[in-house]
Amino acid sequence: MNKSKQADTLVIAGKSYQSRLLVGTGKYRDLAETAAAIEASGAEIVTVAVRRTNIGQNNDEPNLLDVLSPEKYTILPNTAGCYTAEDAVRTCRLARELLDGHDLVKLEVLGDQKTLYPDITQTLSAAKTLVDDGFKVMVYTSDDPIVAKQLEEIGCVAVMPLGAPIGSGLGIRNPYNIRLILENASVPILVDAGVGTASDATVAMELGCDGVLMNTAIAAAREPVLMARAMNLAVESGRVAWKAGRMPRKLYASASSPIDGLIS
Amino acid sequence: MNDKLEIELNGKPFFLDKAASLTQLAETLALNGTRYAIEVNQEIVPRSQHESFKLSDADVVEVVQAIGGG
């Protein structure tokens with residue numbers, strides 16, 4: 001590994017990460033597949049949901065956190081399924097207790113079951129409460145540059161605009177908005193949601209995003225472990241391409257081979 | 001049911017011996033050795049207090065764990 005690659009780390013809330021791919025743990029066939037896919041993805045930050053324990057069910061079954069040990073991975077509890085700021089804050093506090101005071105959380109407050117679009121008013125309110133309560137908040141939001149800036153100003157440690165609706169796999173629908181968000185940002189910007197395949201992740205990284213968070217694109221692939229590897233490569237590829245700087249687009253051709261010395 | 005107390009556990013009625021602690025509740029649910037968090041009447045009870053925290057009738061208790069999610 002060369003020096004420049006080593007230095008290219010993602011820093012979130014003061015901690016450095018080598019991988020810019022963050023992955024969810026939902027929708028896998030079983031815990032073994034979850035673990036294998038996450039290993040193949042190279043991700044160091046993995047999201048989990050917080051849910052009621054099933055009463056009266058077999059608790060001998062392995063627990064997610066036995067498979068994904070908090071010693072190996074940075075666990076990012078989310079507030080998925082919360083539709084009010086109050087529920088989201090409550091979920092984060094439970095997560096902090098569950099994870100022995102670990103205070104990095106993914107905030108999402110949803111507005112609508114059909115689109116899973118964020119409720120921005122509730123998201124801003126919850127972000128403020130959580131930041132005041134000492135949480136380090138990575139926040140899922142729409143791709144609105146004004147809102148992204150407001151969330152940063154509240155004190156969120158990362159802002160995560162959607163590329164397309166959660167689980168839709170539609171890709172980065174509005175790259176220009178992502179660019180506007182990036183231009184104004186002084187915290188890491190990660191695309192969260194919308195990626196469908198490897199090229200979508202690369203597009204996000206080529207725009208200059210600091211990382212990509214995904215779940216369904218890997219879990220719902222025909223071969224999740226293989227797709228996890230593809231996403232690992234795609235995120236790295238897009239990052240390196242962004243650093244390399246793409247050539248300017250031109251309307252007309254420009255020959256790659258020299259004109260001089262043609263045999264005719 | 002004088003020797004029992006009735007709580008609401010994860011949205012459903014649940015019966016325990018009178019003055020059961022949260023540790024006893026966790027044992028009843030076979031949660032030993034797993035990671036979980038408990039909230040009673042919307043207040044988180046830190047793990048360090050589970051032994052001493054005694055449940056009362058009509059307490060609303062939530063027990064949560066981490067599961068797969070995005």
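In the text below, chain A, chain B and the rest are named by the order of the sequence lines, each starting its count at 1.
- Top candidate by heavy-atom pairs under 4.5 Å with chain B, chosen from A:T34, A:L22, A:L65, is A:L65.
- We find the CZ-CG distance between A:R51 and B:N10 to be 12.5 Å, quoted to the nearest 0.5 Å.
- Atom CZ of A:R229 sits in a sparse spot, with 12 or fewer heavy atoms from other residues, nucleotides or ligands closer than 6.0 Å.
- With a 4.5 Å cut-off on non-hydrogen atoms, A:K27 does not touch chain B at all.
- Taking non-hydrogen atoms and a 4.5 Å limit, the residue list of residues 76-100 of chain A in contact with chain B, ordered by number, reads A:N78, A:E86, A:R90, A:R93, A:L94, A:E97, A:L98, A:L99, A:D100.
- Atom-to-atom distance recorded for B:L31:CG and A:N63:CG is 9.5 Å, nearest 0.5 angstrom.
- Residue B:I44 touches chain A through its side chain alone, counting heavy-atom pairs closer than 4.5 Å.
- In the displayed structure, B:E6 atom CD is contacted under 6.0 Å by more than 12 heavy atoms of other residues, nucleotides or ligands.
- Residue with the most contacts toward chain B among A:A219, A:G26, A:G167, A:A193: A:G26 (heavy-atom pairs, distance under 4.5 Å).
- The candidate with the highest count of non-hydrogen atom pairs below 4.5 Å against chain B, out of A:T25, A:V67, A:L213, is A:T25.
- Remark: B:I67 CD1 to A:L31 CG distance equals 10.5 Å, nearest 0.5 Å.
- For B:G68 against A:A49, the heavy-atom pair with the smallest separation is O-CB, 4.0 Å.
- Atom OH of B:Y36 and atom OG1 of A:T53 lie 9.5 Å apart (nearest 0.5 Å).
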